[in-house]
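A, B, ... follow the sequence lines: proteins, then strands. Residue 1 opens every chain. No hydrogens, no waters, no symmetry mates; every other heavy atom, side chains included, goes into these values.
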There are 2 protein chains.
Amino acid sequence: MTVADVAREAGVAKATASRALGGYGAVSDEARDRVLAAAEALGYRPNELARSMNTGKSKTIGVVVGDIENGYFGLAMRGISDAAKRAGYDIILVNTSEDVEAEIDAVRLLLDKRVDGLIVAPASAYRTEHLREVHQSGHPLVLLDRRIESLPAVSVGVDIAPAARAATRALVAEGHRRIAFVSALGTDGERYSGLPLGVSSVTDRLVGILQGLEETGIPISPELIRFEAHGAEKTHAVIADLLALSEPPTAILLSDSLVALNVLLAFRELGIKVPRDVSVVAFDDVDWAAITDPPMTVVSQPIYDVGVTAAEELLRLMRGMAPDATTLRLPAALVERDSIGPVAVSAQ
Amino acid sequence: MTVADVAREAGVAKATASRALGGYGAVSDEARDRVLAAAEALGYRPNELARSMNTGKSKTIGVVVGDIENGYFGLAMRGISDAAKRAGYDIILVNTSEDVEAEIDAVRLLLDKRVDGLIVAPASAYRTEHLREVHQSGHPLVLLDRRIESLPAVSVGVDIAPAARAATRALVAEGHRRIAFVSALGTDGERYSGLPLGVSSVTDRLVGILQGLEETGIPISPELIRFEAHGAEKTHAVIADLLALSEPPTAILLSDSLVALNVLLAFRELGIKVPRDVSVVAFDDVDWAAITDPPMTVVSQPIYDVGVTAAEELLRLMRGMAPDATTLRLPAALVERDSIGPVAVSAQ
DNA sequence: TTGTATGCGTTATCAG
DNA sequence: CTGATAACGCATACAA
């Protein structure tokens, strides 16, 4: 069933049928009625591919994320999806497994499929030529969660540093001076040797933490800043290593909910009690944070809204409007529950 | 940059350039080299929309789920995505918020965009005309997680009944005779009045449970079968109601991980201890199940594999091959941890 | 092996 | 307001 069929059935020209069906141009009421009736009768459905071809618009946006299985992106995805749907857009979702090569391919393929815009959570802050090309060639692009300093594209994420600072100060207020940070970020085995890191959202956490430390006059100990904690085993090793230090941490900040989960698992295996032995604060107020023992103090992030905002900014860009700002950060907040306690006597 | 540009640059006809670029038909090595070089020089990228238009294939599959934010679908999505990518397919993801109308629209729109196939987790077992149409019109369709009795389309899910039966028997083995089942399924306020339910995956759980009960000679108590437990408040109400019964349950089976979370939350508020006061088994071995207090006994489901299998079955269908089977069920397993205990003395 | 001409289903242009 | 006709970018039957 094509427009031609409908036109013939309605006794009008293709152009008229097309106008009536597409709801544009000028069509007499009578002609429109005949066309619509014919379309209904024939069960006509437009071929969106053909339509896209000469409008140049596909009513589709591409979303490229590292791990859709991760609750963080799942929720952001939901926000993107809801906002996009409201505007009549569909979403092509590509999961890169945090692999830059896969990201490069994905971006190219999505452009080949003529998506109207792109939302990308960049896997790396270093390999960014492909995104720069996209941006410079005028394709609407919004960076999700992570920003790239050298790329003036719009980025939408969470203003995490202030909350990280607040979390750190909350720890210091309970007497903690040996405060560790554990992240799953891949650093090719290298130890911490200064900012920035490869992923801005992790950098921002650390920036806030270091600021909180400095303000309270606590010296920064590079040996307490740890990466590569992905997976239960590696995380267990990182925690065991940290605890074996001559001056072990009395508090640990956990970079994301997956790290938090693995750390709690390691604690259980090692017989560590929170907050008796170690105090803990995790980034991201995941749903299960309230049922851990004890309920976990966390930095809550408006992830769904980040998704909504990212999509809305992209829509602005696609309409040719100026973005609200080149870097949009939504506020995070410290949600105090019971995983912070005073420093254990034996550790003081 | 179009094929025409490349052809001109390479000094060949459009058709030759098209063949060289598309990697089909017969092209001399020399011509191919010239075309590829020209394409490279001009930065040519194919317009996949145009390509799709006359091949009839879009290399895209549509996936329609109720809630991408839900870890279950997030993981299944990952499986689908991985399998699809291996075969060179992209995915258009639509979230329906478990709304049938949204599902109907989504299916129609995806077809308009000429997806090559569809994977749908049906929101309802009753409103299925749209899916029947899709199937009957010959479009490759795979049902995810939930099957529809009257629809002979391929469905891929988990063989949950045997595991539900095993879970029930494990409960009975510890002396439980008052065993409840709590689900988030919407039933318009109606109480349980027989099978099947609106969602086959929930029906299957109940079938297994009832079977386990019958086999062990325990009478079925309709008042212990509860629905509508979605959200923390409603779940709290359901639990409070259950516990206020003259003969309250000593064990509860939780239909999914979200229900489990809300029930644990309600327990905490009500001062109920697991398994001292109530024993618990939850469906779906969500990542945090191992860190609850105590670690939770669960029915583990191979969700990622369900996603992979669904995508692979769809690929078979799209290739015109017969499906492996019309109903594919992957095995579930009872993972025993510590949330099942003997019946409390006061309740016996 | 290569080139020519035509079709895919729309929208857009321009007379009428 | 309507109709014929030309794009859109590519694939493909057919001829050379």
Side-chain angles (χ1 to χ4, degrees), chain A residues 1-39 42-60 88 90 108-116 137, chain B residues 1-39 42-60 88 108-116 137 139:
Chain A
M1 287 306 130
T2 75
V3 206
D5 298 315
V6 175
R8 191 178 326 111
E9 177 79 11
V12 299
K14 265 173 36 175
T16 303
S18 195
R19 280 187 279 255
L21 260 10
Y24 63 96
V27 188
S28 66
D29 290 349
E30 195 227 324
R32 188 194 328 283
D33 290 347
R34 283 227 307 283
V35 170
L36 264 30
L42 297 176
Y44 167 82
R45 294 264 76 213
N47 181 329
E48 293 294 344
L49 288 183
R51 183 172 281 179
S52 295
M53 221 170 94
N54 34 21
T55 58
K57 270 79 194 62
S58 61
K59 281 287 181 180
T60 305
D90 278 330
R108 197 158 26 104
L109 248 54
L110 286 171
L111 255 23
D112 291 351
K113 286 205 174 173
R114 296 303 188 265
V115 294
D116 295 337
S137 63
Chain B
M1 286 304 130
T2 75
V3 209
D5 298 315
V6 175
R8 192 180 322 110
E9 177 79 11
V12 299
K14 270 174 30 178
T16 303
S18 197
R19 282 187 276 254
L21 260 11
Y24 61 95
V27 188
S28 67
D29 290 349
E30 194 225 327
R32 188 194 328 282
D33 290 347
R34 283 227 308 282
V35 170
L36 263 29
L42 296 175
Y44 167 82
R45 293 264 77 214
N47 182 328
E48 294 293 344
L49 289 183
R51 184 171 279 179
S52 295
M53 217 167 101
N54 36 24
T55 59
K57 269 79 196 64
S58 62
K59 280 286 178 182
T60 305
R108 197 158 25 105
L109 248 55
L110 287 170
L111 255 21
D112 290 352
K113 287 204 174 175
R114 297 301 189 264
V115 294
D116 296 335
S137 63
H139 290 280

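Contact check of residues 4-11 of chain B against DNA chain D (heavy atom, cut-off under 4.0 Å) returns no residues at all. Within residues 20-36 of chain A, the residues approached by DNA chain C to less than 4.0 Å at the level of any non-hydrogen atom are Y24(A), in residue-number order.
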Protein-nucleic acid N or O pairs under 3.5 Å, nucleotides 5-9 of chain C:
residue: dG7(C); atom: N2; partner: N54(B); partner atom: ND2; Å: 2.3

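A donor-acceptor pair is defined here as one N or O able to donate and one able to accept, closer than 3.5 Å; such a pair exists between the side chain of D5(B) and the backbone of T2(B). The main-chain N or O of V27(B) is found under 3.5 Å from a side-chain atom of R32(B) such that the two form a donor-acceptor pair. The closest donor-acceptor contact from the side chain of K113(B) to the backbone of T60(B) lies at 3.5 Å or more, if one exists at all.
Applying the 4.0 Å criterion to OP1 and OP2 of dG3(D), one finds that T16(A) has a side-chain N or O inside that range.
Residues V115(B) and L111(B) share a closest heavy-atom pair of CG2-CD1, 4.2 Å. Closest of all the heavy-atom pairs between R45(A) and D112(B) is NH1-OD2, 2.5 Å.
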Under the side chain to side chain contact (heavy atoms under 4.5 Å, CB included) rule, what do V6(B) and M1(B) come out as? Steps first, then yes or no, please.
CA-CA 7 Å; V6(B) 175; M1(B) 286 304 130; 5.9 Å; no

Could you walk me through whether N47(B) and R114(A) pass side chain to side chain contact (heavy atoms under 4.5 Å, CB included), step by step?
CA-CA 7 Å; N47(B) 182 328; R114(A) 296 303 188 265; 3.5 Å; yes

Validation: residues 48-55 of chain B side-chain donor-acceptor distances under 3.5 Å, sequence neighbours left out:
residue: E48(B); atom: OE2; partner: R51(B); partner atom: NH1; Å: 3.4
residue: S52(B); atom: OG; partner: E48(B); partner atom: O; Å: 2.8
residue: S52(B); atom: OG; partner: K57(B); partner atom: O; Å: 3.1
residue: T55(B); atom: OG1; partner: R51(B); partner atom: O; Å: 3.0
residue: T55(B); atom: OG1; partner: S52(B); partner atom: O; Å: 3.4
residue: T55(B); atom: OG1; partner: K57(B); partner atom: N; Å: 3.1
residue: T55(B); atom: OG1; partner: K57(B); partner atom: O; Å: 3.2

Return all side-chain donor-acceptor pairs below 3.5 angstrom for residues 9-26 of chain B, not counting sequence neighbours, or 'none' if the list is empty.
residue: S18(B); atom: OG; partner: Y24(B); partner atom: OH; Å: 3.4

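The residue S18(A) sits close to a base: some heavy atom pair falls under 4.0 Å.
Look at CG on L49(B): it is 10 Å from P on dC10(D), rounded to the nearest Å.
Note that the two end axes of the helix from dT1(C)-dA16(D) to dG16(C)-dC1(D) enclose an angle of 40°, each drawn from 5 base pairs, rounded to 10 degrees.
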